[in-house]
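Working notes for the structure below.
Only this structure's heavy atoms are used, side chains among them; waters, hydrogens and symmetry mates stay out. Throughout, a chain's letter reflects where its sequence line sits, starting with A, and its residues are numbered from 1.
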Amino acid sequence: MFNWNVGDRSDGERAMSPVIGKALESTLIILYIALITATLYGGTVPEYRATAGSEIADRTAADVVAEIQRAVPPESVDAEARTRIDLPPTIAGETYHLEIVERTLMVSHPNPNIGAAVPIVVPDRVVTIEGAWQSGGQLTIIVRSTEDGLVVRLR
Amino acid sequence: MTLDRNGQANLPAMAVALIIITTVAGVSITVVDGAFRSADREATDRAIAVATADRLVDDDSPITERSNVLAERRVTANRIADSVPESIDIRITVDGDVIYERGDPAQGTTARRLALLAERQQITLDTDFEHRTATLPRRSPRATLTIHDDSGIETVRANGRVVLHDPKGLGGSYDVSLSRYETTTLRVDTVPEEGDVTATYYPRRTQKALVEVTVDA
């Protein structure tokens with residue numbers, strides 16, 4: 001890159017040559033970096049973040065559903081159980097939301113490409129599963145028996 | 001070197017450097033792509049399949065007698081349908097026989113559970129109590145004894161324990177409960193005529209069965 005033999009001025013026209021050379025090189029490098037950055041952040045990186053995020057969302061949902069299924073106590077007269085579980089505070093750098101809709105756990109995320117839905121398989125004696133959770137802090141699964149059957153609540 | 005050639009001599013070197021960097025970046029992206037593809041493990045499919053399989057072989061499943069023992073007569077699509085989550089493609093097989101299928105989960109994830117498939121049989125004992133005793137060849141939680149009114153039998157013992165007694169003489173059909181944990185010998189207190197006593201018992205025949213749940217959500 002460095003061509004500092006400016007003392008060898010056998011010809012006066014050569015004086016500007018290194019300056020132009022450096023300017024040209026710098027411009028090309030800057031253009032190149034801009035191009036690479038634009039390509040990566042314009043397509044590849046968000047795609048990878050979404051792919052990784054949706055895998056994390058899938059696994060988070062699967063973990064929560066497994067914990068809910070495990071939290072259901074065996075048949076008994078009266079039961080109350082609390083399970084606290086740690087979940088990732090953010091997915092792809094943003095907070096997310098868990099919600100139960102018709103016995104299905106839904107993960108909703110600001111990025112529309114990230115999300116998951118896992119049906120919950122529990123015995124018939126569980127009459128209600130409800131609740132929602134915003135990421136950050138621990139998720140608490142509360143199982144309580146009522147006259148009609150077990151009620152599972154997320155908090 | 002002449003003046004003209006020397007002027008921008010490091011431009012070609014830079015071009016080569018950029019090409020190398022681009023190649024490395026391209027190769028890295030390909031590797032990352034491959035890593036992402038191989039990390040795609042269908043966590044939700046697996047979770048549903050495992051949960052459904054566990055639920056089916058569980059103690060309070062609609063198709064089991066107790067934990068891990070399927071009752072053959074209960075293994076039907078109707079009973080399974082309630083335990084299966086909706087809106088997914090799922091196939092449940094027991095020992096390779098498709099019991100329940102919805103949609104086409106060919107690309108799905110499979111969870112397998114080893115269980116026993118139990119079938120309750122009804123066998124009439126081939127004996128006339130010639131020596132007052134008869135041993136049930138297999139264990140059974142209960143037996144049905146049919147005793148003729150004129151046989152003169154007053155007491156029936158199972159392994160020494162009195163299970164039926166009537167001082168006026170037994171007659172009719174009786175259900176007796178037996179120990180599930182030891183082989184039972186029935187003993188009557190007189191030698192009956194041929195055909196006076198018949199004993200029916202209900203052993204359970206079990207065989208190992210593989211419960212497979214394939215899910216494609």
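The two atoms that bring A:Val122 and B:Arg55 nearest to each other are O-NE, 3.3 Å, heavy atoms only. Residue B:Ala43 comes nearest to A:Ala62 through the heavy atom pair O-CB, 3.8 Å, listed as atom of the first residue, atom of the second, then distance. For the pair B:Ile21 and A:Tyr32, the tightest heavy-atom approach, listed with the atom from each and the gap, is CG2-OH, 3.5 Å. In plain terms, the two heavy atoms of B:Ser83 and A:Val121 that are nearest each other are O-CG1, 3.6 Å.
At most 12 non-hydrogen atoms from other residues, nucleotides or ligands lie less than 6.0 angstrom from CD of A:Glu102. When the shell of 6.0 Å around CZ of B:Arg204 is examined, it contains more than 12 heavy atoms from other residues, nucleotides or ligands. A 6.0 Å sphere centred on CD of B:Glu86 holds no more than 12 heavy atoms belonging to other residues, nucleotides or ligands. Around atom CZ of A:Arg84, no more than 12 heavy atoms belonging to other residues, nucleotides or ligands sit under 6.0 Å away. Within a 6.0 Å radius of CZ in B:Arg120, more than 12 heavy atoms belonging to other residues, nucleotides or ligands are found.
Between atom CD of residue B:Glu42 and atom CD of residue A:Glu55 there is a gap of 7.5 Å, rounded to the nearest 0.5 Å. Interatomic distance, CD1 of B:Ile29 versus CG of A:Leu40, reported as 5.0 Å (0.5 Å rounding). For the atom pair A:Arg125 CZ and B:Asp60 CG, the distance stands at 4.5 Å (nearest 0.5 Å).
Here B:Phe36 pairs with A:Tyr48 under the ring-ring contact (aromatic ring centres under 6.0 Å, His included) rule; sequence neighbours left out.
In this structure, chain A has heavy atoms under 4.5 Å from both the backbone and the side chain of B:Thr22. A:Asp124 touches chain B through backbone and side chain together, each having a heavy atom under 4.5 Å away. Both the backbone and the side chain of B:Thr52 come within contact range of chain A, with heavy atoms under 4.5 Å apart.
Highest contact tally toward chain A, considering only B:Asp33, B:Asp45, B:Val84, B:Asp58, is held by B:Asp33 [criterion: heavy-atom pairs under 4.5 Å].
Using a 4.5 Å heavy-atom threshold, the side chains of A:Val65 and B:Ile48 count as separate.
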